[in-house]
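Beneath this line is the structure, given in structure tokens, with notes to follow.
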Amino acid sequence: MDRSPPPDEESRIPSSPTTVVVIDSPDKRPSSASSASSDKKQKNSIEKDESSASNEITDLSIPPKKKWYRRLNPLRWRKIPPLPEERTPSREYGANIFSLITFQWMAPLMSVGYLRPLELQDIWTVNPDRAVDILSERLDNAFERRLAREGKYPLFWALFDTFRFEFLLGGICQLFAACMQVFAPYMTRYLIAYAEEAWDAQHSGQPAPHIAKGMGFAIGITLMQIGQSLCTNQFIYRGQMVGAQIRAVLVSKIFTKAMKLSNRAKAGGQRSKEEIQALKAAKEGLLKGEEGEGKEKKEKKEKKEKAGKVVEADGWNNGRIVTLMSVDVDRINLACGLFHLLWTSPITLILTLILLLVNIGYSALSGYALLVIGMPLLTLAVRSLVKRRRNINKMTDQRVSLTQEILQAVRFVKFFGWESSFLDRLKQIRHREIRSIQTLLSIRNANLCASSSLPVFASMLAFITYSLSNHALEAAPIFSSLGLFNCLRMPLNLLPLVIGQVTDAWTAMNRIQTFFLAEEQDETIQWNQDMSPAFKLERASFTWEQSPTDSSKAAAAAATATTTTTTTTDKTKEKASPLLIQGANNAGEDEEQQQDSMEPFKLTDISFEVGRHELLAVIGTVGCGKSSLLAALAGDMRITGGQVEMGASRAFCPQYAWIQNASVQKNILFGKDYDEDWYNTVVDACALRPDLDMFPNGDSTEIGERGITVSGGQKQRLNIARAIYFNAEIILMDDPLSAVDAHVGRHIMDQAICGLLRDRCRILATHQLHVLNRCDRIIVMDEGRIDAIDTYENLMRDNELFQRLMATTSQEQHKEEEEEIEEEAIEEAVEEKTEKKEEAAIKPKDSSAKIPAKPGAALMQQEERSTGSAGWTIWKAYIQASGSLFNLVLVVCSLAAVNGANVMTSLWLSYWTSDKYTYLSTGQYIGIYAGLGATQVLLLFVFSTVITICGTNASKTMFHRAMYRVLRAPMAFFDTTPLGRITNRFSKDVQVMDSDLSDALRIYLFTITMIVSVIVLIIVFFHYFAIALGPLFILFLLAANYYRASARDMKRHESVLRSHVFARFSEAITGTACIRAYGVESEFRRTIRAAIDTMNGAYFLTFSNQRWLSVRLDAVGNTMVLVTGILVVTSRFDVSPSISGLVLSYILAIVQMLQFTIRQLAEVENNMNSTERIHYYGTELDQEAPLHTIEVAAAWPEAGRITFSDVKMRYRAGLPLVLKGLSMDIRGGERIGIVGRTGAGKSSIMSALFRLTELSEGSVEIDGIDIGRVGLADLRSRLAIIPQDPALFKGTVRSNLDPFHEHNDLELWSALRQANLIGDETSSPDSPDLSEEKSRQPKLTLDSSVDEEGLNFSLGQRQLMALARALVRDARIIVCDEATSSVDFETDQKIQATMAAGFRGKTLLCIAHRLRTIIHYDRICVMDQGQIAEMDAPVRLFEAGGIFRAMCERSGITREDFTLPVHT
């Protein structure tokens, strides 16, 4: 039911031979992004990644039993080569000139790939001459030189300087190829003239010309074709290699720049006029003369424009930087492949015109005029498509963003039963997107048909003009000219494509250049190792940066703090703080408050110094600047005044830990060498030992993306462990104890902060005031300023703000001290009862559900992969998804008609030249000829449109099926599948199906059938061609299969390795602040470069094995040309010269198509892999129970009674039971508190109630109805939940409270008011600061915007929003899952008061970790190891003297506390 397929089952799912290039797919294997501090270590980590990548394929490539025809193949009789022990450098390095020209150096690898699947060990490492380190150094030097010259486009010229030789070599090869491509068809004129001479001599009895002359022409044409083939292959290879190397160096340089980028540039700001003037003055002092000054002004102006106008739109946020390294860099890579066609195509066109003028005189000009007029018009039409494509891209972005949001919060979506509603929203967007794509593709098809038929019509017009100008149509000039017009087809078709690619690449290059010129983080902190204090600040001021805000949304943005920093993901509390501060003195003046709220948060006039062994605490109210002060010391805020001196190395422990997708050990080492003793000491001090014992693979256990597989407490302890292991002199800790249990916090305080670190300088921002008396000094922050700095005793005596703070929060302090004991009591009391002495007292905070203790098993399932091409099942599913199987008939018929019309048009020309039908006039010949041409174009348009419409319909249908099935998949699927993998299918794979697949299919079907029809035509007239065709066809198939066998695996390896690069890059970019604070940029840069080189090892080989195939297929094609030429010579007396001319012009055309057809076949199979991956999600995923089953009353549940009967549950097959025979009866309207240690099964009760996980045994009933029989939508829509991690969606407050418009505004306002998000009606009367706090808060409205994941709200506000959501739903049963675990005292008070009032009379299940919050509930349920240890009214449990009594005694709760009135 909720079982996800194990890896071995998934491996048997068939897929296509070549994997799609994976973009934005974070990989699931442990990244070694932070594990190397030396080259040796780097190599090891990369090899480990490589082996994991290799395993992903090898494990799933079980060789099938050989088929009978394979056993007949002598090439397969050879011994299967063993797996090499280590990878060797590319054979290209040191290969001889012949090998380089023919790509014979690829042969050993192709041979291995043919005999067995290629493993990663087989694939050669990158050619040392092409290593990214060497190339990056060259580019950096060239870029600096070009910047110094102050010329235009420094990046373009720097790239040219770096890759000059290979780039120009490709250009020269293409020039020769273009010339020979034109001269070969021209040479056919002489061969046809020879055949014509022989034909006439035969029929007139004259002596025939010698056969040697004809043979000479045939061999000459073949040699030209061979020369053209070799030059073209070198041109394409050199172009692709330059593009790939440019991609490598740019990705490396973008990463390097991202590590240095200033927060101001990230936020989209620019330097002030004063700063620019100061910079000018400084530079002018170095420049000589007015010229230098002028240039400087110009440069500064340009830089300002770039940093201002361009960047100001969005700023260089992480998303844009990732787009640069994926989309923009790829555009440059793509454009390099065929770049030289940009200037060689016009040369080809001019050369062809000259030869046409020689052939048929001025008549050629009429055909050329059509080309000259037609091509610009078609180029304009292509440009009009760009605007349409932009609009489609917006829709696609909208769809992908919504998909990502749904998947990120899928647990939440399931809790609320919102799957169908979200699917409807997706369906609407998708419907609009597909309609737009179909319109775009239809217009583009018309365009393509027109462009491909232009040479046909041009030749027609020329021949008709030639005929009407009293010329007799002779075979030699006519068919030579037809060949020349045909060779225009390729440059004419490719030129608009190349112009488009180059234009895109130019735009991309300018964007990247703008990024490279963006402001870098100034190292304004002065380092002085000799100073006596650890650091010193003198009248220092700092600021965060203002994020760009659309002016039309200014008011909404002001209200919800969207203008605060985007660069401090680890400081959510302070994201809202600028608003709280700025409006403090202007609470009533809305306009002024709005202006103030646009200002980013600042720290002003900060002066203090700290000794090298001092422990300094930073305290203050919410939003006073505690986190900002630490961020400023970590170098993450811009200094606007004063001076900062630092005398030692620093480590930074942010409030929100940045955890890598790597092993636990790598996360702690963070690029430092492994020191076993120190490592073990740090692990013990940070209370991580019990966690390591519990993890499946100890400290080698991989942590999921963004740390999703570990609890909040574990993340924070890893964060602290990293900071301590780094062994820096200064440790900055931003509230590190907030996310850990109280007794764990005390352990860390004793063993780590005041233990291991006692001789270091420690700055600790905290709101846990009970630690203050252990600090040497305390800084009291107030509204971005230091109010006081002194010892605890002096501040208590002298400082009014500190006294007030202590007084107003004494209740909190007292409560926290009690909670320490309470939490420990819950742990220890149960421990005593169960006598589990071997379990450590220090445990992680989160539910065991998140950490399956299945020994040795990797958490993330391997992705199902194929070992062959897509089978008929997938094709059948694809055809059916397009509408019906009848569409296949439609495609076949239109294809046959197109080819029939194509051959008939040319055949008719040969009939005309030989005047086969003597009774037809010239006018009639012309009329039929023109009619056939027009029919051909029309049929081609019909065929193209049928293919694209069927393809997009299939994509739409399969997307909906897959999305529906994914959303209906059990939670086990999401727990074991990386989010990046799912997102990749719904972005990249869907995009491939939308347009790429139908394009590739259209071209492949058209070219393959055209080749077949031409071969049939040749055999009809030259029967002996069939004899030569047999062996040539076998050679053709062997070369193609030889290529496909290794190309498949190579592409797959490249795809896996590319996802490593993307995962590492994206991950490291999100942790820039952390990486900078530790100063480990060079380590990460080295890791990224090593990953790029590893990827390029496979990526470069994908180009050379394409060229290997091309050279050999061209050899087959050129042999066909030679055979045809010889047959024309030997059959000169039997076959009409007009037919010989036709056949020669065709054979030259299809030679160009042979390799193109094989490449298109590989492309179709490659793209069908995307179809298969979507189809797999749409048909194979396990599903939850149905949404609707039995009919339930509209008012159900009326009472809200819940009965658990012998409930047994496990999270996934193969895991132990988490609930073991649970039975309890909860009356309607009863409030139940659930307590227990970590892993006791508290959260599992919630999973069982919402049926997120189905029961193994037993039943749960609500109001007498077994919920196992109720549809999931009916069940979940009648319950409400306040989860531990509140999920907010991008949009507005309204769309988050009521995403599907089921409630009116009055209800929404009421919920906001009850949740204390607006107004002060339900505030606690004995919280004196609440009214003051309210005055500081900006006004929240239903239309206030909400950022992704709600990051513009503090954690407390998000928790209140989740509460408001539950109030809006107004369900009879509410589940509260540790809703107050991550909030401050004040928010906790608000939530408890609201729950007491808002949920009165409703059934409430509250999973609590604070005993005092639930002692007034009706009953308490004490959980232990999936069973109920005790359950009764709090007073009775207390009097019974069991576990609960022990908890209360340890917490200092007395009998009188139970009789106190409930605090509301």
For F255 against F1065, the heavy-atom pair lying closest together: CB-CE1, 3.6 Å

Any side-chain heavy-atom pair from L764 and V618 closer than 4.5 angstrom? no

Any non-hydrogen side-chain atom of C653 less than 4.5 Å from a side-chain atom of L732? no

With a 4.5 Å cut-off on side-chain heavy atoms, are N680 and R689 touching? yes

To the nearest 0.5 angstrom, please state how far the SG atom of C1074 sits from the CG atom of N719. 6.5 Å

Return the minimal non-hydrogen interatomic distance between A1077 and F652, and the atom names on each side. CB-CB, 3.5 Å

Who passes side-chain contact (heavy atoms from CB on, under 4.5 Å) against A534, sequence neighbours left out? R612, I730, C761

Would you mind checking if R774 and D750 are paired as a salt bridge, meaning a charged N to carboxylate O distance below 4.0 Å? yes

Test side-chain contact (heavy atoms from CB on, under 4.5 Å) on K715 and L718; report intermediate values, then the result. CA-CA 5 Å; K715 268 191 237 181; L718 281 171; 5.7 Å; no

Counting only N and O atoms by type, is there a donor-acceptor contact under 3.5 Å from the side chain of H613 to the main-chain atoms of R762? no

Check whether K1208 reaches the backbone of V1218 with its side chain - one donor and one acceptor, N or O, closer than 3.5 Å. no

Is there a donor-acceptor pair under 3.5 Å between the side chain of S649 and the backbone N or O of E729? yes

After noting the C-alpha distance and the side-chain angles of S700 and Q665, does the key distance pass the side-chain contact (heavy atoms from CB on, under 4.5 Å) rule? CA-CA 6 Å; S700 301; Q665 189 188 83; over 6 Å; no

Would you compute the distance between atom CD1 of I763 and atom CG of L616 and round it to the nearest 0.5 angstrom? 4.5 Å

Looking at every heavy atom in both R760 and A728, which two are closest together, and how far apart are they? NH1-O, 3.1 Å

Taking the six-membered ring for Trp, are Y1078 and F726 ring centroids under 6.0 Å apart? yes

Less than 4.5 Å apart, side chain to side chain, heavy atoms only: is that true for V683 and Y725? no

Using 30° and 60° as the class boundaries, would you call the ring planes of F670 and W658 parallel, tilted or perpendicular? perpendicular

What residues form a side-chain contact (heavy atoms from CB on, under 4.5 Å) with A721, not counting sequence neighbours? I668, V682, C686, L688

Nearest 0.5 Å, what's the CZ-CG distance between R1210 and L1217? 4.0 Å

Let me see the working for T701 and S663 under side-chain contact (heavy atoms from CB on, under 4.5 Å), right down to the final yes or no. CA-CA 5 Å; T701 303; S663 67; over 6 Å; no

How many angstroms lie between atom CG of D735 and atom OG1 of T766, to the nearest 0.5 angstrom? 5.0 Å

Between F974 and L407, is any pair of side-chain heavy atoms under 4.5 Å apart? yes

What residues, two or more places apart in sequence or in another chain, satisfy salt bridge (Lys or Arg N to Asp or Glu O under 4.0 Å) together with D675? none

Taking all non-hydrogen atoms of both residues, which atom of L633 and which atom of R650 are closest, and how far apart? O-NH1, 3.1 Å

Start with the C-alpha gap between I724 and I731, add the side-chain angles, then the distance that decides, and say whether side-chain contact (heavy atoms from CB on, under 4.5 Å) holds. CA-CA 8 Å; I724 298 173; I731 316 284; 5.6 Å; no

Minimum heavy-atom separation for M259 to R1076, with atom names? O-NE, 2.7 Å

Nearest-0.5 Å distance that lies between atom CE in M1246 and atom OG1 in T1253: 9.0 Å

Any Q1427 side-chain heavy atom under 4.5 Å of L1219 side chain: no

If every non-hydrogen atom of S627 is compared with every non-hydrogen atom of D734, which pair is closest and at what distance? OG-OD2, 2.7 Å

To the nearest 0.5 angstrom, please state how far the CG atom of L756 sits from the CD1 atom of I748. 11.5 Å

Side-chain heavy-atom pair L1252, K414 within 4.5 angstrom cut-off: yes

Is the shortest heavy-atom distance from the side chain of I1234 to the side chain of M1423 under 4.5 Å? yes

